[in-house]
Amino acid sequence: MPAVNSTSVLFVCLGNICRSPTAEGVFTALAAREGLLESMHIDSCGTGDWHIGSAPDSRATAAAAERGYDISQLRGRQVDSSDFDRFDYILAMDEDNLSELEALRPGHYRGHLGLFLEFAADTALTNVPDPYYKGEEGFVQVLDLIESASAGLLQRIAGGYS
Ligand code: 4NP
């Protein structure tokens, strides 16, 4: 586990080309804005293996860029059991992703494995809806939810530093 005053966060979705790279980009930007980036390790991955090495979906990259986030350099990877040794927070975008992660979770894991939207104050949704087969408005909704949950998560983590 990381040293004191250091927190590692892994965002997980299905393909690692839409939701979780967006979460990685948004949360990284927010942590940087608050001067907390140096005390964090932030990453994302997918439960599936179809998009290993791929850039984010162009619709996700465009929607993120509209709000000033550059996720174009991120590349897809698949979750690995070693992630449970490296991340304090492992946050799933939806309940299907969470089920996959719970099946991989080693008994000794003492970090926080849960749903990302637990940290979003202003939504009744449990899941970040998968935008892959939707239109552009699906990607806008993803950004709204992810920005809200990122703010809540950073507040939680920063509270632990004070
Ligand atoms: P993501 O979206 O899980 O948010 O990255 C998807 C990307 C690809 C696929 C499904 C969801 N796919 O079936 O290839």
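Read the numbers this way: they start at 1 and go in the same order the structure lists the ligands and their atoms. In this chain, residues are counted from 1 in sequence order. Just so you know, these numbers use all the heavy atoms, side chains as well, and skip hydrogens, waters and symmetry mates.
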Q: Check this for me - ligand 1, Cys13, N or O atoms closer than 3.5 angstrom, yes or no?
A: no
Q: With rounding to the nearest 0.5 Å, note down the distance linking OH in Tyr132 to NE2 in His51.
A: 4.5 Å
Q: Which ligand 1 atoms does Cys18 reach within 4.0 Å, using its non-hydrogen atoms?
A: 1 (P), 2 (O), 4 (O), 5 (O)
Q: Among all protein non-hydrogen atoms, which one is nearest to atom 10 (C) of ligand 1, and what is the separation to 0.1 Å?
A: Leu14 CD2, 3.6 Å
Q: Answer yes if the side chains of Tyr69 and Glu147 hold a donor-acceptor pair under 3.5 Å, and no otherwise.
A: yes
Q: Looking only at side chains, do Asp49 and Gln78 share a donor and an acceptor under 3.5 Å apart?
A: no
Q: Aromatic contact between Phe84 and His108, with the criterion being ring centroids under 6.0 Å apart: yes or no?
A: no
Q: For ligand 1, which atoms sit closer than 4.0 Å to a heavy atom of Ile17?
A: 5 (O), 7 (C), 8 (C)
Q: What protein heavy atom sits nearest atom 8 (C) of ligand 1, and how far off is it?
A: His51 NE2, 3.4 Å
Q: I'd like to know if Arg77 pairs up with Asp83 as an ion pair, taking the criterion as any Lys NZ or Arg NE/NH1/NH2 lying under 4.0 Å from an Asp or Glu carboxylate oxygen.
A: yes
Q: Atom 9 (C) of ligand 1: which protein heavy atom is closest, and how many Å away?
A: Tyr132 CD2, 3.6 Å
Q: Heavy-atom contacts under 4.0 Å between Asn16 and ligand 1: side chain, backbone, both, or neither?
A: backbone
Q: Can you give me the closest heavy-atom contact between Asn16 and Ser44, atom names plus distance?
A: ND2-OG, 3.0 Å
Q: List the closest protein heavy-atom neighbour of atom 13 (O) of ligand 1: residue, atom name, distance to the nearest 0.1 Å.
A: Tyr133 OH, 3.9 Å
Q: Counting non-hydrogen protein atoms only, what is the nearest one to atom 11 (C) of ligand 1? Give residue, atom name and distance.
A: Asp130 OD2, 3.2 Å
Q: Checking Ser148 against Asp122: is there a side-chain donor and acceptor pair closer than 3.5 Å?
A: yes
